[in-house]
Amino acid sequence: MVFRPEVAAAAIDAARSDDRPLVYLSPRGQRFDQSMAKDWAGGSGVVLFCGRFEGLDERVIEARDMLEVSLGDFVLAGGEAAAQAMIESCVRLLPGVLGEAGSASEESFEDGLLEYPHYTRPRVWEDREIPDVLLSGDHGAIARWRREKALELTKARRPDLLGGHGAKEDER
Ligand SMILES: C[S@@+](CC[C@H](N)C(=O)[O-])C[C@H]1O[C@@H](n2cnc3c(N)ncnc32)[C@H](O)[C@@H]1O
């Protein structure tokens, strides 16, 4: 089953506004990422079209110049869960949503790296200790440790990020 073009287009035309990106959620689309979340959060909103079944008649995608965006390389039954994930990642970037304004700027992908590890009390848990440097009170040393750990994790898990637009190893 495929969404009929005249039915889908009527819904899209009722919802769309000229200055908002019109997005069709689709596994074929450009991969959603933090930089897209930032763009959308900084704009006046987006119109998201969630498919079901086989998807949307191709002529609507062309005629309405829809941007196809994917949540990842897997196939969902419908676009709703993907839309919810995208909306949440945008909403938490809006001013006043997070308790601490700086929280979002220190997270994974913000500077092209995955985030460093976090610890909290107790100091020792199941014989595992919090790294000494984090208890030292030396803010410079802590910042350096976090940077090193972020780099290590990114190299091990997502080396592709180091070659992209974000942080490059030789700049560190
Ligand atoms: C069963 S899927 C259709 C898959 C499509 N026939 C294909 O092979 O590319 C139904 C709908 O779920 C949504 N969907 C599925 N996977 C998605 C993903 N990875 N990202 C965003 N939306 C997805 C899309 O809106 C799609 O139209």
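One is the number of the first residue; the rest follow in order along the sequence.
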Q) Does the pair Arg147/Asp111 count as a salt bridge with the N-to-O cut at 4.0 Å? A) yes
With side-chain contact (heavy atoms from CB on, under 4.5 Å) as the test, would you mind laying out the steps for Arg146 and Lys149 before giving the verdict? CA-CA 5 Å; Arg146 286 178 166 168; Lys149 290 292 167 192; 5.8 Å; no
Sorted by chain and residue number, the ring-ring contact (aromatic ring centres under 6.0 Å, His included) partners of His139 (sequence neighbours excluded) come out as none
Hits for ring-ring contact (aromatic ring centres under 6.0 Å, His included) against Phe109, two or more places apart or cross-chain, chain-then-number order -> none
Which atom pair, heavy atoms only, marks the closest approach of [X] to [Y]?
X	Y	answer
Cys90	Ala41	O-CB, 3.6 Å
Thr154	Gly112	CG2-O, 4.2 Å
Tyr119	Trp145	CE1-CH2, 3.9 Å

message: Is there a side-chain contact between Met1 and Phe3 in this structure, where contact means two heavy atoms from C-beta onward sitting under 4.5 Å apart?
response: no
State, yes or no, whether a side-chain contact exists between Leu113 and Leu161 at a heavy-atom distance under 4.5 Å. no
side-chain contact (heavy atoms from CB on, under 4.5 Å) filter on Thr120, not counting sequence neighbours, yields none
The side-chain contact (heavy atoms from CB on, under 4.5 Å) partners of Ser108 (sequence neighbours excluded) come to Leu114, Glu115
Please enumerate all residues that pass salt bridge (charged side-chain N to carboxylate O under 4.0 Å, His left out) together with [X], with sequence neighbours excluded.
X	answer
Glu6	Arg4
Arg16	none
Arg52	Glu80

CG of Leu153 to CZ of Arg157, rounded to nearest 0.5 Å, is 5.0 Å
Interatomic distance, OG@Ser89 vs CD@Gln84, rounded to 0.5 Å, equals 11.5 Å
Self-check item: Working for side-chain contact (heavy atoms from CB on, under 4.5 Å), residues Val47 and Ile12
Solution: CA-CA 8 Å; Val47 175; Ile12 289 165; 5.7 Å; no
Residue set satisfying side-chain hydrogen bond (donor to acceptor under 3.5 Å, both in side chains) with Ser70, at least two apart, ordered chain then number -> none
Just list the side-chain donor-acceptor pairs under 3.5 Å for residues 53-66, sequence neighbours left out, or say none.
{"from": "Asp57", "atom 1": "OD1", "to": "Arg59", "atom 2": "N", "distance (Å)": "2.9"}
{"from": "Asp57", "atom 1": "OD1", "to": "Arg59", "atom 2": "NE", "distance (Å)": "3.0"}
{"from": "Asp57", "atom 1": "OD2", "to": "Arg59", "atom 2": "NH2", "distance (Å)": "2.8"}
{"from": "Glu58", "atom 1": "OE1", "to": "Arg28", "atom 2": "NH1", "distance (Å)": "3.4"}
{"from": "Glu58", "atom 1": "OE1", "to": "Arg28", "atom 2": "NH2", "distance (Å)": "3.1"}
{"from": "Arg64", "atom 1": "NE", "to": "Asp13", "atom 2": "OD1", "distance (Å)": "2.8"}
{"from": "Arg64", "atom 1": "NH2", "to": "Asp13", "atom 2": "OD2", "distance (Å)": "2.9"}

Using a 4.5 Å side-chain heavy-atom cut-off and chaining through intermediate ILVMFWY residues, the residues clustered with Leu93 come out as none
Excluding Leu25, membership of its hydrophobic cluster (Ile, Leu, Val, Met, Phe, Trp, Tyr; side-chain heavy atoms within less than 4.5 Å) reads Val23, Phe32, Met36, Trp40, Val46, Leu48, Leu67, Val69, Leu71, Phe74, Leu76, Met86, Ile87, Val91, Leu94, Val97
Ignoring hydrogens and geometry beyond distance, is a side-chain donor-acceptor pair present between Glu68 and Gln30 at under 3.5 Å?
no
Could you pull out every donor-acceptor pair under 3.5 Å between side chains of residues 123-137 and any protein atom, sequence neighbours left out?
{"from": "Ser136", "atom 1": "OG", "to": "Val133", "atom 2": "O", "distance (Å)": "2.6"}
{"from": "Ser136", "atom 1": "OG", "to": "Asp138", "atom 2": "N", "distance (Å)": "3.1"}

